Amino acid sequence: MNDELVFHFDVDGEDFTSAGQASVMVKKNLRRLGLSPEIIRRVSIAMYEGEINMVIHAGGGVADVKVMEDRIEIVLTDHGPGISNIDMAMQEGFSTATDTIRTLGFGAGMGLPNMKRYSDTMDIKSTVGVGTTITMTVNIQ
Amino acid sequence: MKISTLKELLDAQVLTCEENMGKHVYSACGCDLMSDVLAYVKDQAVLLTGLVNPQVIRTAEMMDMICVVFVRSKMPSEEMIRLAEESGIVIMLSNKRLYEACGILYSNGLVGNKVKP
């Protein structure tokens, strides 16, 4: 695999039901590339949690996935409220999600920890009132 | 455990992908919290849940799960059935409660879930 492959998705923030569609597309594309199931799963889950977060907290955003020779990079960008305390947000169980979101099976404070769990590197840049950009990489072994 | 065995044990009704009843599951997860499900890594697993929305099927797909059992006979939507069929996921309905359904599978040998360190 010598050429970089790039996938771009707009994540609709209005419809929780459709959240995850971009992650499903990424998973299908990575399968076509013949990557190992473990790598595909890690990328898919990390991106899925990020996508759900963008819908729940930020009114949507954009997702860019770049497949390189040695790694896969996922960049999630939104213009939501931002994260005021990233250290706290990284703690399992901490969440600012509404009760409505919790009844849908999310908002348990596992999103960011799961993204970190399934990626090899994760960087969060966030400014309150401006938005958040999360960059994750998964190494291809 | 074969999915067909699971169906018998839970006295379940199959809604999708009956052609996959011969496949095996090696672990199970009983949960209504999808983020907790996503914290587990184990493929060819079955998800038992009382939560009914399309994210249940997407979560199962992300985890490479091949079977979802809706307990207390909760009926999935047409969209959920379509998503499951696209992904080859067997959907079943059981009138048992989550605790009881998990207990039956556990006591019949379907044990364990591995958490990624």
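Treat the numbers as computed from the prediction; the structure is a model and nothing was measured. Protein chains get the first letters and strands the later ones, always in sequence-line order, with residue 1 at the start of each.
A/Met110 is not connected to A/Leu112 by any chain of hydrophobic side-chain contacts under 4.5 Å among Ile, Leu, Val, Met, Phe, Trp and Tyr, and they are in different clusters. Linking ILVMFWY residues whenever their side-chain heavy atoms come closer than 4.5 Å, directly or via other members, places B/Ile3 and B/Leu10 in the same cluster. Residues A/Ile86 and A/Leu76 fall within the same hydrophobic cluster, defined by Ile, Leu, Val, Met, Phe, Trp and Tyr side chains chained together at heavy-atom separations under 4.5 Å. Linking Ile, Leu, Val, Met, Phe, Trp and Tyr residues whenever their side-chain heavy atoms come within less than 4.5 Å leaves A/Val24 and A/Val62 in two separate clusters. Residue B/Val68 is grouped with residue B/Val52 when hydrophobic side chains (ILVMFWY) are merged at heavy-atom distances under 4.5 angstrom, including chains of intermediate members.
Of all heavy-atom pairs between B/Ser35 and A/Phe106, the closest is OG-CD2, 3.5 Å. Annotation for B/Asp64 and A/Pro37: closest pair OD2-O, 4.4 Å, computed over non-hydrogen atoms. Considering all non-hydrogen atoms of both residues, A/Thr17 and B/Pro54 come closest at CG2-CG, 3.4 Å. Minimum interatomic distance between A/Gly105 and B/Leu51 (heavy atoms only, all atoms of both residues): CA-CD2, 3.6 Å.
Both the backbone and the side chain of A/Gln21 have a heavy atom closer than 4.5 Å to some heavy atom of chain B. Heavy atoms closer than 4.5 Å to chain B are found in the side chain of A/Ile52, but not in its backbone. With a 4.5 Å cut-off on non-hydrogen atoms, B/Thr59 touches chain A through its backbone and its side chain both. Contacts between B/Asp32 and chain A at a heavy-atom distance below 4.5 Å involve the backbone alone (N, CA, C, O). With a 4.5 Å cut-off on non-hydrogen atoms, B/Leu33 touches chain A through its backbone and its side chain both.
More than 12 non-hydrogen atoms from other residues, nucleotides or ligands lie less than 6.0 angstrom from CZ of A/Arg31. A 6.0 Å sphere centred on CD of B/Glu78 holds no more than 12 heavy atoms belonging to other residues, nucleotides or ligands.
Rounding to the nearest 0.5 Å places CE of B/Met62 at 5.0 Å from OG of A/Ser23. Atom CZ of B/Arg58 and atom OG of A/Ser18 lie 6.5 Å apart (nearest 0.5 Å). For the atom pair A/Met115 CE and B/Leu38 CG, the distance stands at 11.5 Å (nearest 0.5 Å). Of the inter-residue distances, the one linking A/Lys28 atom NZ with B/Ser87 atom OG reads 6.5 Å to the nearest 0.5 angstrom.
Two residues are said to be in side-chain contact when any heavy atoms from C-beta on lie closer than 4.5 Å; A/Leu104 and B/Gln55 fail this criterion.
If you tally non-hydrogen atom pairs under 4.5 Å between each of B/Leu83, B/Asn53, B/Val56 and chain A, the highest count goes to B/Asn53.
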